[in-house]
Amino acid sequence: MKFLPRLAFYGGISLWCLAADANPWQTPTQEKIAFYVNNSPITENDQAFVHRKMRGNAVAYFSKEYGPLPSGNFWQQCLGGTSVQQWIEQQTLNEFIQTYAHLSMMYRYGVTKKQLSYADLKQMMIKENNKRSQAIANSQVVYGLASFNFDKYKSHTLSNGFNKVREQLKKRYPISSQEQEKIYQQRKDHDFLESMTFSIQAIKLHSASTLKNTKVINELHHQLDTLRSVTLKNKYKANANFTYLEKHFSAQSRKSDEFVWSQLINQVKHQNKGDFFQSQDIDGTHYLIKLIEKSQPKSQPLSEVKHIIANDYAEQRYQKELDKIISQTTIIHNPQASKVKASNTVDTCAKSGANNAANSKVNTKASALNLAK
């Protein structure tokens, strides 16, 4: 009878030893883990995927910030006290931290039943793509993409999650009528203006060379300024180089107008009634414009913008909680993980920014507003 308890005891010891020998830096599928964002593992493959994406983003970022890039190996450059390599590595880390923080918000407010990991997102994408493929094979209607790549799926999931969390925040922390009125008064003359309305007379210039003919342009200015519309229309009706038109831009037609006449609408903001100027439509067709009428935009009533104020108020709450999650996020690096580098060269800049040592606290900024509106 003593044999069975003794067997159970040694069996337990054996299992404990096996668990102790298990490698905590591998997933069940034997993928090597580069680091943990809190308890959420990030594999070396995941890290390399995001790292490659950030290499592409680096060229756009440094070009915008510092103008034409110096000659030589770009990956060795040191710009503004930061090496390109440092920037890429920090942005790679930031993406995982931000993703973790948004997923934490979704779990905190009941959008998901558990704290999702990066690996969970990949598995969810595979299931969704399989579901869509099967639906297409069965001749069923599929809305949106036939299949997602990972970046699109992650953005789609976080965007939907953000919208659901925002609705929860609006219910839990409703904005008071006094605060709503205060915000409205602060923003009504800037953010809550009705669309500007205006009317134009225009001559379509079919020939690009016409734009260079000062004499013709001056004549058109004079005709638009002095003649009645119908007379001007009749005058140029038979002229193959010109077409006369009139158009009123209203608040109701603004969406379609902005698509076709975006350049014109931006120009009108800086013009006065009676002014002449040249503009183009979406097809690049040139026009000589005379501004006939222009109404200054008025503030929308509070009743029409309450939902905007409520959404913005909830988004501010979301951002505050998101920043707190990020500030409390712990990164634990695998000391045996492969080092992902932008190049084989050493970093020539003085070390600045986040410390990548094991167990370091990383404080970075993630925006709730760039998810979806």
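Just so it is clear, the values below take in all heavy atoms, side chains as well, and ignore hydrogens, waters and symmetry mates. Predicted, not measured: the structure shown is a model, and the values here were computed from it.
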(request) Would you give the length of the straight line joining atom CG of D275 to atom NE2 of H270, rounded to the nearest 0.5 angstrom? (result) 12.5 Å
(request) Give a yes or no on whether F150 atom CZ has more than 12 heavy-atom contacts from other residues, nucleotides or ligands under 6.0 Å away. (result) yes
(request) Could you grab the distance from atom CG of L291 to atom OG of S199, nearest 0.5 Å is fine? (result) 8.5 Å
(request) Would you kindly say whether Q319 and D323 are connected by a side-chain donor-acceptor distance under 3.5 Å? (result) yes
(message) Would you say Q185 and K188 are linked by a side-chain donor-acceptor pair, where the criterion is simply a distance under 3.5 Å?
(response) yes
(message) Tell me the closest heavy-atom pair linking V165 and V111, and the distance in Å.
(response) CG2-CG2, 3.7 Å
(message) Can a side-chain donor-acceptor contact be found between T92 and Q47 if the only test is distance below 3.5 angstrom?
(response) no
(request) Determine whether more than 12 heavy atoms belonging to other residues, nucleotides or ligands lie under 6.0 Å from atom CG of N39. (result) no
(request) Check the pair E95, Q98 against side-chain contact (heavy atoms from CB on, under 4.5 Å), reporting the backbone distance first and the verdict last. (result) CA-CA 5 Å; E95 172 152 326; Q98 292 169 15; 5.5 Å; no
(message) Between the side chains of E167 and K170, is the shortest nitrogen-to-carboxylate-oxygen separation below 4.0 Å, so that they form an ion pair?
(response) yes
(request) May I ask you to check whether over 12 heavy atoms, not counting those of K164, lie within 6.0 Å of atom NZ? (result) no
(request) For the pair D46 and T43, evaluate side chain to side chain donor-acceptor pair (under 3.5 Å) and give the outcome as yes or no after the intermediate values. (result) CA-CA 5 Å; D46 293 335; T43 68; 3.1 Å; yes
(request) Mind running side chain to side chain donor-acceptor pair (under 3.5 Å) on Q90 and N94 for me, showing each step along the way? (result) CA-CA 6 Å; Q90 185 59 56; N94 287 352; 2.8 Å; yes
(message) Could you work out, with salt bridge (charged side-chain N to carboxylate O under 4.0 Å, His left out) as the rule, every residue matching K114, not counting sequence neighbours?
(response) D120
(request) Output all residues satisfying side chain to side chain donor-acceptor pair (under 3.5 Å) with Q267, sequence neighbours left out; order by chain, then residue number. (result) S279
(request) I would like to know whether R108 and I325 meet side-chain contact (heavy atoms from CB on, under 4.5 Å); could you show each step before the answer? (result) CA-CA 11 Å; R108 178 179 293 185; I325 292 173; 3.5 Å; yes
(message) Can you list everything that forms a salt bridge (charged side-chain N to carboxylate O under 4.0 Å, His left out) with K273? Sequence neighbours excluded, please.
(response) E293
(message) Quick one, F148 with H156, criterion ring pair (Phe, Tyr, Trp, His ring centres under 6.0 Å). Give me CA distance, side-chain angles, the key distance, then yes/no.
(response) CA-CA 9 Å; F148 291 95; H156 170 77; 5.3 Å; yes
(request) Say whether I200 and M196 are linked into one hydrophobic cluster, either directly or through other cluster members, by side-chain heavy-atom distances under 4.5 angstrom. (result) yes
(message) Rounded to the nearest 0.5 Å, what separates atom OG in S253 from atom NE2 in H248?
(response) 7.0 Å
(request) Treating Ile, Leu, Val, Met, Phe, Trp and Tyr as nodes and any side-chain heavy-atom pair under 4.5 angstrom as an edge, say whether L121 and Y109 lie in one connected cluster. (result) yes
(request) Determine, using the 4.5 Å side-chain heavy-atom cutoff (strictly less than), whether V268 and I292 are members of one ILVMFWY cluster. (result) no
(message) Let me check something: do Y184 and L193 share a hydrophobic cluster, defined by ILVMFWY side-chain heavy atoms less than 4.5 Å apart, either directly or through other members?
(response) no
(request) Side-chain contact test, heavy atoms from C-beta onward, threshold under 4.5 Å: evaluate it for E315 versus R166 and give yes or no. (result) yes
(request) Would you kindly check if the NZ (Lys) or CZ (Arg) of K247 is within the cone defined by 45 degrees around the ring axis of F249 and under 6.0 Å from the six-membered ring centre? (result) yes
(message) In the structure I gave you, are the side-chain heavy atoms of K204 and L288 within less than 4.5 Å of one another anywhere?
(response) no
(message) Looking at every non-hydrogen atom in both residues, tell me the closest pair between N45 and E31 and how far apart they are.
(response) ND2-OE1, 3.0 Å
(message) Are more than 12 heavy atoms, taken from residues, nucleotides or ligands other than F259, located less than 6.0 Å from that residue's CZ atom?
(response) no
(message) For the NZ atom of K294 and the CD atom of Q296, what is their distance to the nearest 0.5 Å?
(response) 5.5 Å
(message) Please enumerate all residues that pass side chain to side chain donor-acceptor pair (under 3.5 Å) together with S195, with sequence neighbours excluded.
(response) none
(message) Would you compute the distance between atom CD of Q91 and atom CD of Q86 and round it to the nearest 0.5 angstrom?
(response) 11.5 Å
(message) Side chains of T197 and S250: any donor to acceptor distance under 3.5 Å?
(response) no
(message) If I compare all heavy atoms of D281 with all of T285, which pair ends up nearest, and what's the gap?
(response) OD1-N, 3.0 Å
(request) State which residues pass side-chain contact (heavy atoms from CB on, under 4.5 Å) with N57; sequence neighbours excluded, sorted by chain then number. (result) K53, M54, W87
(request) Determine, using the 4.5 Å side-chain heavy-atom cutoff (strictly less than), whether I308 and Y173 are members of one ILVMFWY cluster. (result) no
(request) Kindly give the heavy-atom pair with the smallest separation between S104 and Q115, and that separation in Å. (result) OG-OE1, 3.0 Å
(message) If you define the side chain from C-beta out and look only at heavy atoms, does anything of M105 sit under 4.5 Å from L322?
(response) yes
(message) Give me the atom names and distance for the closest heavy-atom approach of K324 to S327.
(response) O-OG, 2.8 Å
(message) If you define the side chain from C-beta out and look only at heavy atoms, does anything of Y313 sit under 4.5 Å from L169?
(response) no
(request) Determine whether the side chains of Y318 and Q168 contain a donor N or O and an acceptor N or O closer than 3.5 Å. (result) no
(request) List the steps and the verdict of side-chain contact (heavy atoms from CB on, under 4.5 Å) for F277 and L264. (result) CA-CA 9 Å; F277 57 97; L264 171 63; 3.5 Å; yes
(request) Work out which heavy atom in S299 is nearest to a heavy atom in D189; give both atom names and the distance. (result) OG-OD1, 3.1 Å
(message) Quick check: do V50 and I42 have side-chain heavy atoms less than 4.5 Å from each other?
(response) no
(request) Might you work through the side-chain contact (heavy atoms from CB on, under 4.5 Å) test for Y100 and N38, ending with a clear yes or no? (result) CA-CA 9 Å; Y100 173 83; N38 284 0; 3.0 Å; yes
(request) Kindly indicate whether the side chain of N334, heavy atoms from C-beta on, has any atom under 4.5 Å from the side chain of K32. (result) no
(request) Please state whether the rings of F35 and H333 are parallel, tilted or perpendicular, taking 30° and 60° as the class boundaries. (result) tilted
(request) State the CD-CD distance between Q263 and Q278, to the nearest 0.5 angstrom. (result) 10.0 Å
(request) Just jot down the side chain to side chain donor-acceptor pair (under 3.5 Å) partners of N129, sequence neighbours excluded, or say none. (result) none
(message) Do E128 and Y153 make a side-chain contact, defined as non-hydrogen atoms from C-beta onward lying under 4.5 Å apart?
(response) yes
(message) I want to check something: taking the side chain as every heavy atom from C-beta on, are I331 and F96 in contact at a cut-off of under 4.5 Å?
(response) no
